[in-house]
Amino acid sequence: MADARLSVHRFQASLFPVNAYLVESASDVVAVDATLGMSDGRRLRARIEDIGKPLAGVIVTHAHPDHYGAVTALVSGRDVPVYAVGGVDDVIRRDDDEKERILRPMFGEEWATTRTFPTHRVQGGDRVSIGGATFRVFDVGPGESPHDSWWMLESDVQARVFAGDLVYNHMHAYLADGYGDQWLANLARAKRELPGDAELFVGHGNPTGGPEILDWQAGYIDAFLAAVRAGAEKDGLTGDELTESVARRMKTYLPNDDLEFLMRLSVEPTRIRLASQR
Ligand SMILES: [Zn+2]
């Protein structure tokens, strides 16, 4: 039974399948992530206006643009605090020029002209109260992105955790940043430190409960790394041939196309990283 005073609304972006969440308390709303594009950010803002309570703050779970790009549209013209752990804030600022260079041609005006950076830096272990909701912060470092964090809602009977992209619920995953091993370690940490019945509100796919999904995600990462090794080291493939071979193998683990392009983008960077480690 979840705390009736705090309800969680899921917002699914139109531009591509990424979630943001709205935590509604008696007094206000907290947004967890904001999706990528300006039009989705405006839709998210309209959803808050429909709820009819003020936006008390925005949390950015991790350093990927499909989660923070639309903060600009969400908060524009208003003084709304934006929270992140220090490492997430650092990476967003560090990579901003590079993300502009990559995302502007892909998304045009959907990518905010001026990105909105976090305004409030927090630390792992902090209890952070934003409006009527209080969160416990887990700073987990590199994983799916160069810096990830989880935010657990407090004053709850059943644990509810905003886990960013720790898990893609039955969608293909992005591993191009090169932290697959740390991601696996974070999944093991989640099994140790999060309540076993925690409901996970994830960045891609349906919210989910129970530890099985953590095992499923670890299996996906293991399968991906094994597929790149098999194609590159055993069969000597590179480039498009390697990508096709990895995509074929991954379809046996996850037989759908959801976010397949993210997995394909991850093949060549992973081949190069694994080759440099040998
Ligand atoms: Zn994402």
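We count ligands from 1, going down the list as the structure has it; atoms in each ligand are counted the same way. All heavy atoms count here, side chains included; hydrogens, waters and symmetry mates do not.
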Determine, for K53 against D28, whether the closest basic-nitrogen to carboxylate-oxygen distance falls under 4.0 angstrom. no
Quick check on the Zn ion (ligand 1): does H64 put an N/O/S atom closer than 2.8 Å to it? no
Regarding D50 and R47, does a basic nitrogen lie under 4.0 Å from an acidic carboxylate oxygen? no
Test: D126 and R136 ion pair at under 4.0 Å: no
Whether H204 has an N, O or S atom under 2.8 Å from the Zn ion (ligand 1): yes
Identity of the N, O or S atom of D66 lying closest to the Zn ion (ligand 1): OD2
Shortest-distance N/O/S atom, D165 versus the Zn ion (ligand 1): OD2
Using the ring pair (Phe, Tyr, Trp, His ring centres under 6.0 Å) definition, which of the options F138, F162, F201 pairs with W150? F138
